Amino acid sequence: MSVPTRTERESDLTLTEAAPVRRTLPPWAPYAALAVAIAVGGTVTLAGVSAGLGAVLTVVLYVACVVTVSRLVEGPRKAKDRAVTTVVTSAFLLALAPLISVLATVISRGTARMDVEFFTFSMRGVVGEGGGVYHAITGTLMITGLATLISVPVGMLCGVYLVEYAKGRLATVITFFVDVMTGIPSIVAGLFAYALFALILGPGVRMGLMGAVALSVLMIPVVVRSTEEMLKLVPNELREAAYALAVPKWRMILKVVIPTALAGIATGVTLAIARVIGETAPLLVTVGITQSVNLNPFDGRMATLPVSAYYQYVNPGVPPDPSLDRAWSAALLLIIIVMALNLVARLISHRFAPKSGG
Amino acid sequence: MPLSETPSAVARPRLRAGDRVFAGLSTGAGLLILFVLAGVAAFLLVEAWPALTAPPEEVPGGRGVALYVWPLLFGTALSAVFALLIAAPLAVTIALFVTYYAPRALAQGLGYLIDLLAAVPSIIYGLWGFTVLAPATVGPSGWLADNLGFIPLFAGPVSATGRTMLVAILVLAVMILPIITAVVREAFRQVPRLHEEAARALGATQWEMLRMAVLPFGRSAIIGASMLGLGRALGETMAVTIVLSVSGGVTVNLISSGNPSTIAADIALQFPESTGLAVNTLIASGLVLFAVTFAVNMAARTVINRRSEFSGAN
Amino acid sequence: ANEGSAEESELAGTISGAGASSQQAAQQAWTAGFQDQYPDVTVNYDPIGSGGGREQFVSGGSDFGGTDAYLDDDELAAAQDRCADFIEVPLYISPVAIVFNLDGVDELNLSPRTIAGIFNQDITEWDDPAIAEDNPDAELPSLPISPVNRSDESGTTENFLEYLTAAAGDAWPHEPSGDWPVGGGEAAQGTSGVVEAVRNGDGTIGYADASQAGDLSTVAVGVGDEFVNYSPEAASTVLDVSERVEGRGENSFAYELARDTTEEGTYPIVLVSYGLACTEYDDDQVGELVREYFTFMASEEGQQQAAENAGSAPISDELREQITPAIEAIGAT
Amino acid sequence: MAKHIQVKDLDIYYDEFLAVQGVSMTIEPRSVTALIGPSGCGKSTFLRSLNRMHELVPKARVEGQVAINGRDIYGSNVDPVDVRSEIGMVFQRPNPFPTMSIYENVAAGIRLNNVRMKRSELDDLVERSLRSANLWNEVKDRLHRPGGGISGGQQQRLCIARAIAVDPAVLLMDEPCSALDPISTQAIEDLINDLKPDYTIVIVTHNMQQAARVSDTTGFFNLADVGQPGQLIEMDTTAKIFSAPREQATEDYITGRFG
Amino acid sequence: MAKHIQVKDLDIYYDEFLAVQGVSMTIEPRSVTALIGPSGCGKSTFLRSLNRMHELVPKARVEGQVAINGRDIYGSNVDPVDVRSEIGMVFQRPNPFPTMSIYENVAAGIRLNNVRMKRSELDDLVERSLRSANLWNEVKDRLHRPGGGISGGQQQRLCIARAIAVDPAVLLMDEPCSALDPISTQAIEDLINDLKPDYTIVIVTHNMQQAARVSDTTGFFNLADVGQPGQLIEMDTTAKIFSAPREQATEDYITGRFG
Ligand SMILES: Nc1ncnc2c1ncn2[C@@H]1O[C@H](COP(=O)(O)OP(=O)(O)OP(=O)(O)O)[C@@H](O)[C@H]1O
Ligand SMILES: Nc1ncnc2c1ncn2[C@@H]1O[C@H](COP(=O)(O)OP(=O)(O)OP(=O)(O)O)[C@@H](O)[C@H]1O
Ligand SMILES: [Mg+2]
Ligand SMILES: [Mg+2]
Ligand SMILES: O=P([O-])([O-])[O-]
């Protein structure tokens with residue numbers, strides 16, 4: 001049998017004493033380059049060029065510096081590796097920029113009305129200053145809650161169907177349509193829900209449930225997708241283990257598969273809630289707006305945080321500032337709610353995540 | 001240990017009630033989704049029909065549905081495709097950063113930070129884009145027009161307020177970034193260690209390992225995630241409505257104030273004051289968007305399936 | 001969470017209206033004042049837009065409506081189907097200001113033809129002779145003009161366009177409609193969007209409900225030989241010199257506004273928004289509530305509250321006298 | 001409680017592909033039967049058909065008969081769930097439920113089937129099963145720790161404890177030691193010996209020595225040729241198979257110097 | 001091209017946990033060295049420290065020296081990437097890249113360095129490597145099918161072909177046959193014999209017979225006690241270890257009747 005003979009190659013390297021030694025850059029080298037780059041970028045910025053351009057210059061300079069030196073000392077492969085590392089890190093920092101900017105904007109403008117009245121009063125009878133979003137908080141929680149009540153069972157069951165039951169064409173078709181469903185524009189979902197209810201209950205109908213149905217159209221595909229992905233990750237061995245214990249399929253799914261995937265599903269559900277809790281357009285056409293508290297989701301208009309923020313922003317009173325303050329504070333409140341939900345999901349994940357270590 | 005010695009233990013009818021109920025429920029849920037979609041499609045068709053069959057001069061704009069929708073479709077595609085072109089590579093790099101570059105202790109927290117972007121309601125993105133991002137782009141846009149004006153994208157004249165297609169694209173990109181990142185990140189997390197080690201053992205650098213083992217493994221997830229993001233960008237309503245200055249025909253000029261609207265934004269802008277055939281026309285444009293989403297997903301499936309035997313899903 | 005004052009009253013129940021977004025701020029003041037008087041009453045107003053408001057009203061989807069334009073013939077027929085007789089009264093009059101943001105220029109006089117030229121993008125530079133002629137004292141920079149219009153279909157746009165059509169002659173070649181007819185300019189959503197866009201740019205000019213103009217400079221508009229800046233009084237005068245549209249029944253107070261008026265002290269760019277109601281409701285209680293609510297909106301107190309919160313121009317006493325019988329006919333059966 | 005198994009003319013298909021052909025055998029109660037043979041010859045496939053686990057593979061199906069104590073498990077009114085409650089199974093790779101504690105893993109067969117049992121009885125059953133699986137001493141102090149947090153060999157024994165806790169008549173084991181080191185292997189072989197008096201045990205193994213050590217009867221599977229279905233070539237007492245097999249193929253396979 | 005390896009006083013830590021302690025050994029070029037020992041005694045850990053693969057585990061670190069042909073691979077300016085391209089590795093579970101074809105799998109390592117190799121040269125090299133791994137005949141007609149679509153034993157040989165295609169000086173194998181049936185095992189053992197004249201081979205195995213069959217030198221690892229670090233107990237020629245080990249622990253382990 002023939003064994004491949006050693007082929008000589010350009011970057012061939014051996015560790016014998018005789019062989020040329022390829023060096024690595026000392027660990028401080030990238031930092032030195034970064035310092036130089038920042039110094040130059042900073043100077044240029046101070047000299048009057050815009051900060052953005054300065055930052056770009058800094059990064060470009062750093063990459064050029066590191067790659068050139070690395071190429072000379074360590075060879076092209078290592079240089080490319082370092083370049084990619086820099087690009088990947090900068091990309092991440094770049095993505096943080098809008099996040100920080102959005103949060104800074106919302107926080108700086110939204111703290112104006114983070115007071116007790118804001119959380120405990122509705123806008124009933126309020127003109128100008130004061131008032132609150134109590135009615136919108138209850139509305140948002142109820143409508144989103146209802147949408148969750150509709151979407152989570154349907155979405156999870158559909159995910160279960162796709163992973164555990166579906167075979168052949170129907171599964172492919174449903175998977176495909178779930179993808180299509182994720183692309184329904186939110187306003188179309190709202191119009192659809194409106195048309196559906198108008199068909200049954202006559203024109204002009206407005207109720208919280210309609211909004212919940214519209215939001216469900218947006219939410220279900222997200223829940224299905226995440227459930228499906230998470231269930232797929234559950235190893236088949238666990239299913240077999242349960243079957244071998246004579247566990248009926250439905251119990252196996254409920255007691256073994258879903259608990260194992262629960263952490264991931266919880267994260268997916270929060271993502272889905274986050275996706276819809278801030279929706280404005282579908283609620284505009286389905287639940288409308290009111291200035292008063294309405295705790296009955298089956299009759300009449302309800303206020304919601306995004307819609308009331310939207311109207312406060314679009315049609316403020318005179319002077320506009322109290323309305324705008326309320327709008328930004330409602331926006332901040334929305335973000336806080338979603339963050340709190342995220343935290344809950346993390347706790348659930350932590351509680352239910354499969355444990356392997358002791 | 002007690003065991004029912006009776007042979008009857010092996011002699012009960014086929015399917016248990018529990019199984020039947022549960023299988024029925026989940027199948028029902030799957031079918032329900034088909035029904036909902038069929039409902040949405042039927043609603044769009046029925047409501048769009050009067051506009052599709054109406055004489056062109058009665059449709060808003062007076063030149064028929066096709067010519068009404070065309071600039072909107074163009075604007076929708078322009079904004080969504082560019083947003084995707086920005087967001088998808090960025091999302092993949094961020095997912096790589098979180099899974100392979102960030103210090104392990106930080107990775108989870110950093111992932112959470114990016115997820116936070118998904119928690120910002122779209123109306124806030126709209127307001128942020130309007131009040132913060134748009135003014136900030138006026139200067140750089142001027143620079144683009146002066147220096148790169150020969151490229152049609154940056155032809156100018158520059159908008160005085162910055163509420164341009166460029167800003168709409170950037171806002172959309174930021175909005176879809178966390179969605180794509182989250183899906184791709186999960187896919188990267190599932191890359192078997194074995195494959196990473198295989199690459200490393202061959203003497204691959206970090207980047208070569210990623211290119212050899214991780215990126216191909218995540219390929220279908222990257223495409224799928226991009227489709228999710230594209231779907232969101234195509235259908236985004238409020239942010240575009242607030243941010244974009246829509247008063248132009250079909251143009252690829254990204255930095256002037258005359259921009260084509262998008263289908264979803266146009267519906268949101270025109271619906272409140274529309275009656276009769278105008279409403280039908282708006283819904284016809286929604287139908288077109290639905291068809292586009294359909295086609296895009298179809299194409300994505302085809303791409304994914306073409307190399308499915310190399311997907312590593314076995 | 002908050003309580004109204006505990007005044008004795010026998011009125012109770014909920015009525016909902018929908019329509020023009022221009023009325024939103026005024027409606028907020030009216031509902032607040034009305035609910036203050038009748039704590040057991042809830043009035044909702046959904047600012048879904050005039051078109052939606054008219055459609056919902058004629059189809060029976062809302063108890064009352066608000067609209068920036070009176071019903072057209074088809075809608076009129078449908079409304080008469082829904083109601084025994086329907087009621088259409090002007091309740092909200094608001095000047096539309098032309099706002100601009102130009103470094104170093106705080107006051108600007110523009111004749112109707114110049115305004116039309118600017119918004120039609122025929123006049124593109126601030127130092128254009130047409131502008132300079134009306135403003136001999138201003139230092140006009142050589143800067144491109146960025147006209148800002150509404151991107152959504154709106155009553156404000158329609159009223160502004162009606163003004164241009166009537167007052168600018170052949171300088172304005174477009175038909176009035178709720179949609180902005182000229183492409184390529186800056187467009188923004190809603191009154192606040194236009195105001196914000198004008199504020200954020202340099203060399204921008206736009207039109208917006210005057211109450212939202214805030215600290216922006218506004219244009220004095222040429223009327224006859226003088227230039228008039230907007231004021232509530234100047235705006236409400238327009239209605240007094242305008243013709244009521246005939247043949248719509250005794251309870252319809254639709255006006256063909258005299259945009260081209262040369263009457264001294266009038267400000268011709270105004271938006272008039274109407275309230276829609278029926279003379280007959282299936283539910284007598286609803287009829288009673290709507291009547292009381294309309295009475296309140298039209299009252300001096302109601303108009304004053306709207307003026308404070310929405311910057312509108314209160315309707316004149318003569319007009320109130322004319323429309324009172326119509327309002328009293330609501331829910332008459 | 002041990003039961004005898006009779007297989008007659010069993011063909012097993014994956015969709016159109018015939019994986020195993022014409023197997024007939026009798027498995028005696030209270031004995032250990034080893035199945036050996038080269039990779040891909042259908043040992044696992046055959047084993048899984050004994051408790052209808054192959055049905056989990058879409059389009060897999062069998063023709064022929066498998067009877068447990070005379071009763072055909074493929075009869076039209078037989079519920080596979082009931083079959084599996086008679087026949088326990090241990091897999092090649094240990095698969096404890098990661099969301100459950102060690103205790104819950106052992107109790108899983110009972111808990112998941114909603115059998116009502118007093119807490120003390122259950123405690124008792126868990127202890128007995130873990131003792132039988134030779135694991136009690138190692139885990140008795142951490143019964144409520146996660147089932148995934150123990151070593152591979154311990155996990156495998158945990159799975160065995162889980163399987164015997166529901167007290168099946170038959171125990172099927174598919175290469176239960178292939179992932180284990182010699183010491184854990186020894187523990188499991190000892191366990192098989194201990195269980196023999198009460199159970200019918202069928203074990204698949206690649207390891208000839210192991211087959212020789214633990215089984216009473218050995219069956220040799222082979223492929224006639226590549227692409228051909230697997231067949232049972234020869235089955236006899238283990239002593240006979242390893243000393244004087246009837247078939248040349250068996251002898252070739254066994255005398256290969258493999259490990 | 002084979003190289004000798006010298007290990008001196010090597011301690012390997014996972015974070016604070018000392019997994020392997022004080023190992024010193026010399027591995028001769030052109031020889032096969034087998035590492036045996038009970039589960040968890042650190043064989044894999046030690047093997048992975050020879051090409052710095054342990055560094056992929058967060059917080060894993062070594063103290064001591066490993067020199068290949070006299071050069072310390074842990075020297076401050078040595079790049080682990082270069083070390084690994086000198087020292088190939090084959091893992092317990094076959095891990096071909098599922099996203100690549102069989103051909104691309106073999107070419108994967110070469111592509112890293114020789115971006116510009118002629119197509120025909122590459123074809124040639126792939127064929128030679130596959131022939132060496134005893135796989136050519138089985139796959140020559142489907143070189144462009146996915147690397148994941150072949151049987152387990154074939155996948156393992158594919159991984160070996162991939163490892164030897166880059167022509168490393170040293171080949172490390174961590175239980176390469178534990179997932180394989182006897183026939184595939186035989187093929188791989190044959191391959192090791194074929195490779196011996198050109199490579200330095202280190203193989204970890206649970207299978208004493210296999211160690212006896214393929215290796216020239218055997219090292220026995222053991223744990224002093226549970227929780228204690230693994231240590232190299234004894235290392236000598238294979239013949240010596242299996243006939244007359246110096247240490248009692250070695251003898252106990254080897255004479256256990258394990259398989
Ligand atoms: N799910 C499946 N779908 C299609 N064919 C399968 C499936 N599982 C196994 N096969 C085929 O059936 C035949 C028998 O496989 P089986 O797993 O029973 O072999 P085995 O004897 O257990 O082998 P090993 O010793 O490698 O585990 C093989 O040709 C295999 O490729
Ligand atoms: N990634 C890791 N982190 C922490 N400890 C580890 C890790 N990998 C292995 N160990 C520990 O190091 C010790 C040696 O493990 P190693 O995998 O080297 O054993 P081994 O001899 O290869 O065993 P086996 O024969 O089961 O493969 C064990 O105690 C193990 O628990
Ligand atoms: Mg098998
Ligand atoms: Mg190991
Ligand atoms: O009141 P508007 O219709 O102009 O929004």
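Keep in mind the model is a prediction, meaning the values are calculated, not measured. Below, chain A is the first sequence line, B the second, and so on; all start at residue 1.
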(message) What part of I110(D) gets within 4.5 angstrom of chain A, counting heavy atoms only: side chain, backbone, both, or neither?
(response) neither
(message) Just verifying a value: how many Å separate Y243(A) OH and M53(D) CE, rounded to the nearest 0.5 Å?
(response) 8.5 Å
(request) Could you check V81(D), V166(D), N113(D) and say which one makes a side chain to side chain contact (heavy atoms under 4.5 Å, CB included) with V247(A)? (result) N113(D)
(message) Shorter than 4.5 Å, heavy atoms on both sides: which option in R162(D), R84(D), M100(D) has the most such pairs with chain A?
(response) R84(D)
(request) Look at atom NZ of K59(D) and say whether more than 12 heavy atoms of other residues, nucleotides or ligands are closer to it than 6.0 Å. (result) no
(request) Assess whether side chain to side chain contact (heavy atoms under 4.5 Å, CB included) is satisfied between F97(D) and L238(A), documenting all intermediate values. (result) CA-CA 6 Å; F97(D) 298 119; L238(A) 296 184; 4.0 Å; yes
(message) For the interface with chain D, which of R251(A), M252(A), R239(A) has the highest count of heavy-atom pairs at distances below 4.5 Å?
(response) R251(A)
(request) Measure the CD-CD distance between E237(A) and Q92(D) for me, rounded to the nearest 0.5 Å. (result) 9.5 Å
(request) Take E240(A) and R48(D), measure what side chain to side chain contact (heavy atoms under 4.5 Å, CB included) needs, and give me the verdict at the end. (result) CA-CA 11 Å; E240(A) 298 198 339; R48(D) 291 162 64 91; 2.8 Å; yes
(request) Starting at CG of L245(A), measure out to CG of N105(D) and round the result to the nearest 0.5 Å. (result) 9.5 Å
(message) Is L56(D) close to chain A through its backbone or its side chain, or both, or neither, when contacts mean heavy atoms under 4.5 Å?
(response) side chain
(request) Can you sort out the partners of K196(D) under side-chain contact (heavy atoms from CB on, under 4.5 Å), two or more places apart, ordered by chain and number? (result) V32(D), N193(D), D216(D)
